[in-house]
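Atoms considered below: every heavy atom in the structure, side chains included; atoms not considered: hydrogens, waters and symmetry mates. Every chain is numbered from 1 and lettered A, B, ... according to where its sequence line falls, protein lines coming before strand lines. Given the structure is predicted, the values throughout are model-derived calculations rather than measurements.
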2 protein chains.
Amino acid sequence: MSAETLLSNERLDAIRERIRTEGRVVAAVLAVEFGVSEDTVRRDLRMLAAEGHCERVYGGAIRPRHAPTTLRRRMSEASEAKQRLGRLAASLTESGQTVFIDAGSTNLEIARHLPRDRGLTVVTNAPSVAEALSDQTGVEIAMVGGRFDPRLGSCLGGQTIEWLERLFPDIAFIGTCGLSLEAGLSAFSAEEAALKRIVAARTRRLVVAVTGEKLGLSAPFQISGTETVSHLVTDDPDHPLCRELAELGASIISETRSGHAASS
Amino acid sequence: MSAETLLSNERLDAIRERIRTEGRVVAAVLAVEFGVSEDTVRRDLRMLAAEGHCERVYGGAIRPRHAPTTLRRRMSEASEAKQRLGRLAASLTESGQTVFIDAGSTNLEIARHLPRDRGLTVVTNAPSVAEALSDQTGVEIAMVGGRFDPRLGSCLGGQTIEWLERLFPDIAFIGTCGLSLEAGLSAFSAEEAALKRIVAARTRRLVVAVTGEKLGLSAPFQISGTETVSHLVTDDPDHPLCRELAELGASIISETRSGHAASS
DNA sequence: CCATATCATGCGCGATATTGCATGTTTTTT
DNA sequence: AAAAAACATGCAATATCGCGCATGATATGG
């Protein structure tokens, strides 16, 4: 790799390779190394960046690192609304029940607000939920294992599903990416939907807690129809969808101005 | 990590990483470490804080946390010794390996320091470990389920053991409550010991990372003899037990004064 | 063979980013 | 309350960047 005259594509390939193997390149270094001007190198880097093969930074380029959206990010902005939903939903549990809690920021709030004097048994596929309960006494916790998806913050896959197929919880809190009349409960991935579907089919009570922004939305993969929902906890009880769900037999639970729960 | 010429964004990444793994950074230290002025470091920290990747405190920055604390107070949360052990132990992993990580504060530090560019697969029975890895890309994570013990922060019981009996990790990091010649590795509960024993018997490399205070101690339930330990990572390499372990074939790994790893 | 089109490249120039320093303010410590 | 440390802000020096344009080389077509 000397100052030989390299065809432009070859140079591009070489730079691509360098970025891939070394993780970083410096424009000025590449310029002297290939015997071209820095402008040319910058042009190359611009192309590679457009292809997604690198990320441009001041002075050169680095290997693309893609991971901006994590659960942690969403968690830090646990809105007051979600905390209220969590408290409301948690109050639906009854003594001695076995409770399934799904992953998600709202469900995490449910876990945080679970009463600790009812001898509950909590089953979850979300490590964050188990963690949140770890300072509580009086709550039995079972963790469902499997492949852990960092983006969702929960366990998925065959292992997980196999386990859940043998579980019949008294009450289940599952998260949803969308809730609408046509699409029912829906999720962003097929695997996620499959898992939630298993749980929804086996529980005696299915509780869905969502902020108003998700009402009326639908995601690509259906979990189940709206008729499977027995309780909807929301901060927007006046949404038309709520009335329709109520007619299908679901309880709509929200907070009144004075802070008490109301159900219709 | 010396006075290399680092691209400014790389420095940002590096600081981000330090905050993620170590929980706290000191502006003055970063300044000399990267060979830039403190002003520049502060600017970086301001940016990271704006992105939500850290929380600024007087003197530096800490991992985002909702309760405001001083840097001084924060220093005591995870001792520096454990962080060093974590970093050292994590460097023992090799490309493509399947890694088991046990529960415990030291092991959590190992997880935090795991390299993300080696295509590692991590198996753990501790939700906190899964959580700690959840903002990493390039690490496959498998969670071993079971009954969750809040006091230990890990999953135990028949379910867990059944799963682990089918696992043969390349390398395993397990925690121990005591390490002595007579009692070997030992734990405070029979169930805990049984679980660790399963893992110890199936891994090709067994790494134990302990602070010096645990050397020579023994807990009621034996996990296995000292001869099963292939690597001992410690901050007290002069302890007599280390020499004896070395004679049994274990590698003793610790940090020299200058900050580099040494093994005997 | 010549005219023209196309392309990669290098150079100049104004714009932008990064950095360190000076200055004044806020926070912590004594 | 005073001293020290850390901090934010404005500013100037330097480095890097993007863009337009000229140049030369190669390809295409008559």
Exercise. Within the structure, does a side-chain N or O atom of A:Arg11 lie under 4.0 Å from either OP1 or OP2 of C:dT9?
Worked result: yes
For this session: Could you tell me the separation between the CG atom of A:Leu12 and the P atom of C:dC7, rounded to a whole number of Å?
Result: 15 Å
Problem set entry | salt bridge (Lys or Arg N to Asp or Glu O under 4.0 Å) between A:Glu33 and A:Arg11, worked out | CA-CA 10 Å; A:Glu33 203 158 305; A:Arg11 191 186 54 237; over 6 Å; no
Problem set entry | Partners meeting side chain to side chain contact (heavy atoms under 4.5 Å, CB included) with B:Asn125 (sequence neighbours left out) | B:Phe100, B:Asp102, B:Val144, B:Ser154, B:Cys155, B:Thr160, B:Leu195
For this session: Could I get the full list of side chain to side chain contact (heavy atoms under 4.5 Å, CB included) partners for A:His53, not counting sequence neighbours?
Result: A:Arg16, A:Leu48, A:Glu51
Problem set entry | Residues forming a side chain to side chain contact (heavy atoms under 4.5 Å, CB included) with B:Thr93, sequence neighbours excluded | B:Gln97, B:Val99, B:Leu114, B:Pro115, B:Arg118, B:Leu120, B:Phe173
Extract from the structure each pairing of a protein N or O with an N or O of nucleotides 4-7 of chain D at less than 3.5 Å, listing the distance.
unit_1 : atom_1 : unit_2  : atom_2 : d
D:dA5  : N3     : B:Tyr58 : OH     : 2.9
D:dA6  : O4'    : B:Tyr58 : OH     : 2.8
D:dA6  : O3'    : B:Gly59 : N      : 3.2
D:dC7  : OP1    : B:Val57 : O      : 3.3
D:dC7  : OP1    : B:Gly59 : N      : 2.8
D:dC7  : OP2    : B:Arg42 : NH1    : 2.9

Exercise. Phosphate oxygens OP1/OP2 of C:dT9: is one of them under 4.0 Å from a side-chain N or O of A:Thr40?
Worked result: no
Problem set entry | Euclidean distance, atom CG of residue B:Leu7 to atom P of D:dT16 [Å, nearest integer] | 9 Å
Problem set entry | Test side chain to side chain contact (heavy atoms under 4.5 Å, CB included) applied to B:Asp39 - qualifying residues, sequence neighbours left out | B:Ser37, B:Arg42, B:Arg43
Exercise. Between B:Met47 (CE) and D:dT9 (C1'), how many Å, whole number?
Worked result: 15 Å
Problem set entry | Between C1' of D:dT16 and CD of B:Glu10, the distance in whole Å | 15 Å
Exercise. Quick one: are A:Phe34 and A:Ile15 in side-chain contact, heavy atoms under 4.5 Å?
Worked result: yes
For this session: Please check if any side-chain donor atom of A:Lys82 sits under 3.5 Å from a side-chain acceptor atom of A:Ser105, or the reverse.
Result: yes
Report all interatomic pairs (protein N or O, nucleotide N or O of nucleotides 12-15 of chain C) with separations under 3.5 Å.
unit_1 : atom_1 : unit_2  : atom_2 : d
C:dG12 : O6     : A:Asp39 : OD2    : 3.3

Exercise. Taking the nucleotide of DNA chain C with the closest heavy atom to each, which residue, B:Arg43 or A:Val36, is nearer the 5' end?
Worked result: A:Val36
For this session: Please determine, by modelled atom types, if A:Glu191 and A:Ser189 share a side-chain donor-acceptor pair under 3.5 angstrom.
Result: no
